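Keep in mind the model is a prediction, meaning the values are calculated, not measured. Note on naming: letters A, B, ... go to the chains in the order of the sequence lines (proteins, then strands), and numbering restarts at 1 for each one. These numbers come from the heavy atoms of this one structure, side chains and all, not from hydrogens, waters or symmetry mates.
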There are 2 protein chains.
Amino acid sequence: MHSKVTLADVAAAAGVSKMTASRAMRGAKDVSPKTVERVREIAAELGYMGNHVAASLANNRTDLIGVVVPSLSNIVFSEVMSGIEDAIAGTGLQPFFGVTGYDPEREYLLVRQMLSWRPAGLIVTGLDQDSQTRELLQASTAPVVQIMDTDGTAADMCVGFSQREAGAGMADLLIAQGRKQFGYVGCALDRDTRAIKRRDGYLESLTKSGFIQVPQQTSTERSSVAAGKAMTAELLAAHPTLDAIYYSNDDLAIGGVFHCMEQSIPVPEQLILAGFNGLDLVASLPAPVATTRTSRRDIGTAAAKAILSRHAAEGSNDPLLKTVPIQHVIDARRTFTAK
Amino acid sequence: MHSKVTLADVAAAAGVSKMTASRAMRGAKDVSPKTVERVREIAAELGYMGNHVAASLANNRTDLIGVVVPSLSNIVFSEVMSGIEDAIAGTGLQPFFGVTGYDPEREYLLVRQMLSWRPAGLIVTGLDQDSQTRELLQASTAPVVQIMDTDGTAADMCVGFSQREAGAGMADLLIAQGRKQFGYVGCALDRDTRAIKRRDGYLESLTKSGFIQVPQQTSTERSSVAAGKAMTAELLAAHPTLDAIYYSNDDLAIGGVFHCMEQSIPVPEQLILAGFNGLDLVASLPAPVATTRTSRRDIGTAAAKAILSRHAAEGSNDPLLKTVPIQHVIDARRTFTAK
DNA sequence: GTGCGCAACGGTACCGGTAACGGAAATTTC
DNA sequence: GAAATTTCCGTTACCGGTACCGTTGCGCAC
């Protein structure tokens with residue numbers, strides 16, 4: 001039976017003290033090489049396995065890094081997590097995550113639970129937590145990084161880009177293409193505050209240029225290609241003369257493309273479809289889709305690195321606000337940059 | 001300053017013992033309602049936040065549940081994690097994950113690190129760990145669930161389906177459609193053991209029916225729509241008469257569809273494309289794609305539930321092998337079942 | 001031979017909670 | 001009104017490590 005073997009057992013079997021055994025296992029100094037070897041050998045024989053819980057309690061810190069995301073079905077957050085993984089690979093840190101489902105209440109409980117693990121750092125999505133959650137984040141001694149959004153004030157550190165500007169930028173790009181009749185399709189706008197910001201930026205920019213009438217098709221269901229397809233059909237049925245549609249993300253826009261292909265609507269001649277995220281998939285579509293490329297992976301990596309460097313420079317409290325670049329493209333299949 | 005407030009502080013401020021404070025905070029019995037209220041009030045005032053690390057050490061168990069997946073860029077594993085999340089929502093359990101990148105060495109280290117957290121359970125992908133890792137899994141006192149695959153023997157519990165039969169089933173379906181010239185396109189076959197099993201099942205079934213010549217296009221890069229598109233082009237260039245192609249997953253098959261659309265190859269009249277997973281996306285494609293629907297979410301849920309029930313029934317060690325149904329469809333857009 | 005420095009190891013006291021048991025006051029029972 | 005419960009709370013002893021400081025033994029210089 002493994003599992004019950006404790007460091008004391010190893011120490012006893014090796015004829016040394018717990019302390020020496022501990023040092024030997026960790027590769028700390030003040031132990032002779034042969035003792036290290038003997039202890040490790042015995043540990044292997046006995047099937048000893050360290051106990052992170054005890055170790056963490058003893059030195060008052062864990063190597064856990066908490067990640068709070070709103071959803072996992074959205075590939076974007078998987079990519080953020082990949083970036084985090086990349087950055088902490090080899091550092092011995094371990095990510096643990098929680099999913100809020102865009103629910104502030106659940107987010108609060110999650111953050112609380114995570115902090116009670118005394119994590120080495122916390123990465124949470126967005127800047128729009130409710131006040132309780134915000135307090136927790138600010139009171140936290142562990143470094144906190146809010147990601148994906150820079151429209152607002154961060155509790156500690158922040159890595160992302162302006163969602164509002166992203167929406168505005170796409171509006172400008174579409175206007176520059178000579179489009180006149182704009183529409184909008186969005187999902188989960190009751191919860192997804194970043195999608196709301198993008199829409200607001202989009203509408204604001206259109207208004208500035210004199211485009212007041214912008215029919216919208218919205219839904220509270222979660223984003224999907226199927227939803228995009230259906231909602232595009234509805235929007236076009238009511239407003240057949242639209243020549244540009246902005247979607248709250250690429251998934252919906254892809255659905256729009258599929259609808260147009262089935263209905264033989266020429267894309268982009270008659271109608272430009274614009275999504276958001278710059279998913280790999282859109283670059284392979286048979287028709288051009290406009291999108292905004294965002295580097296989710298880099299955001300994850302930067303966030304994790306911010307936590308790491310905070311640890312390296314103990315005591316420093318530089319707020320850090322990192323804005324990662326985004327790129328609006330009119331045809332995701334080409335690499336040329338518009339605007 | 002929060003963060004340094006300990007249970008002892010709360011107890012002192014409330015004029016009770018640590019033990020009573022502990023009970024009050026946890027809602028354990030043997031405390032009068034008014035004491036509970038007072039303690040909680042003071043805890044809130046002081047900004048007390050529990051310490052999971054200490055609690056876990058004291059009662060020798062954590063509420064962490066480890067999840068080991070090969071990749072996050074594959075939406076399939078996100079969905080599995082969603083399923084896990086669903087099942088443990090409200091139980092106070094916390095998932096923490098690690099990504100192997102299909103690397104056995106990394107997998108070993110990950111499992112080791114996870115077990116040293118004394119998790120409430122461990123969910124790992126696949127049955128083909130290397131021998132060291134397998135030993136760890138078998139020696140673990142924490143319940144272990146291996147998921148996604150049933151072709152092999154489980155270390156403890158297992159939830160999934162036969163990858164081999166999945167491949168064979170699709171071969172049979174394509175044969176039943178009257179196809180004669182079969183091809184195969186796959187990625188990451190040097191690492192993804194489940195994809196290998198599917199291919200083997202596919203080829204074996206074809207061989208049984210007398211189809212010996214099956215040209216293959218493979219690559220070690222990771223699966224993507226773009227890769228599927230490119231590899232389809234290459235395969236068809238060399239073998240233009242193929243009338244059915246099986247891909248190692250839906251991503252590649254989607255790429256195949258896009259290639260065919262651009263080249264005006266009639267799908268499915270001239271060429272049937274078959275993927276694997278039954279992603280939502282394929283149901284929205286403008287052309288039919290054959291696929292095998294798998295319930296990733298259910299697998300995650302079932303795995304998490306298996307761990308929960310193991311905890312409920314302390315001591316029981318039912319091995320549990322749960323096979324979840326899969327469904328081969330010739331056109332993902334329809335719900336009718338083939339075969 | 002004495003004193004000194006350094007390498008290697010051990011003892012003790014925690015880290016912040018919780019299980020188990022015990023005991024006194026309040027309540028019920030007959 | 002005494003005995004038997006029940007209710008509520010405290011004491012003690014850990015959980016399995018690690019930090020801190022002290023101790024031992026040995027080689028070396030004088």
Is it the case that the side chain of Thr62(A) and the backbone of Arg118(A) share a donor-acceptor pair, with hydrogens and angles ignored and the cut-off at 3.5 Å?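 Yes, the answer is positive, given that a donor and an acceptor are paired below the 3.5 Å cut-off.
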
Can you check whether Met148(B)'s main-chain N or O pairs, donor with acceptor, with Gln163(B)'s side chain at less than 3.5 Å?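 A pair under 3.5 Å: yes.
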
Interface with DNA chain C, restricted to residues 29-36 of chain A and to heavy atoms under 4.0 Å: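 Under 4.0 Å from DNA chain C: Asp30(A), Val31(A), Ser32(A), Thr35(A).
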
Annotated protein contacts, base or backbone, on nucleotides 10-20 of chain C with a non-hydrogen cut-off under 4.0 Å, one of B, S, - each: BB---BBBBBB

Degree of bending in the helix from dG1(C)-dC30(D) to dC30(C)-dG1(D) once both end axes are built from five pairs, to 10°: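 If I round to tens, the end axes sit 40° apart.
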
Consider only side-chain N and O atoms of Ser116(B) and Arg112(B), and report whether a donor and an acceptor are under 3.5 Å apart.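 There is no such pair (donor and acceptor under 3.5 Å, judged by atom type) between the side chains of Ser116(B) and Arg112(B).
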
Do Ser78(B) and Ser78(A) have a side chain donor and acceptor closer than 3.5 Å?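 Yes, side-chain donor-acceptor contact under 3.5 Å.
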
With respect to Lys197(A), which candidate in Asp151(A), Asp192(A), Asp149(A) satisfies the side-chain hydrogen bond (donor to acceptor under 3.5 Å, both in side chains) definition?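 The side-chain hydrogen bond (donor to acceptor under 3.5 Å, both in side chains) with Lys197(A) is passed solely by Asp149(A) among Asp151(A), Asp192(A), Asp149(A).
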
Restricting to salt bridge (Lys or Arg N to Asp or Glu O under 4.0 Å), what partner residues turn up for Arg106(B), sequence neighbours left out?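 Glu85(A).
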
Under the salt bridge (Lys or Arg N to Asp or Glu O under 4.0 Å) test, residues paired with Asp86(A) that sit two or more places apart: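 Arg297(A).
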
Suppose the criterion is ring pair (Phe, Tyr, Trp, His ring centres under 6.0 Å): which pairs have a residue in residues 51-92 of chain A, not counting sequence neighbours?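 Non-adjacent pairs meeting ring pair (Phe, Tyr, Trp, His ring centres under 6.0 Å): His52(A)-Trp117(B).
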
For Phe97(A) and Phe97(B), run ring pair (Phe, Tyr, Trp, His ring centres under 6.0 Å): C-alpha distance rounded to whole Å, both residues' side-chain angles, the deciding distance at 0.1 Å, then the answer. CA-CA 7 Å; Phe97(A) 71 96; Phe97(B) 71 96; 5.2 Å; yes

Approximate separation, where rounding is to 0.5 Å, of Thr133(B) OG1 and Tyr108(B) OH: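 Those atoms lie 7.0 Å apart.
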
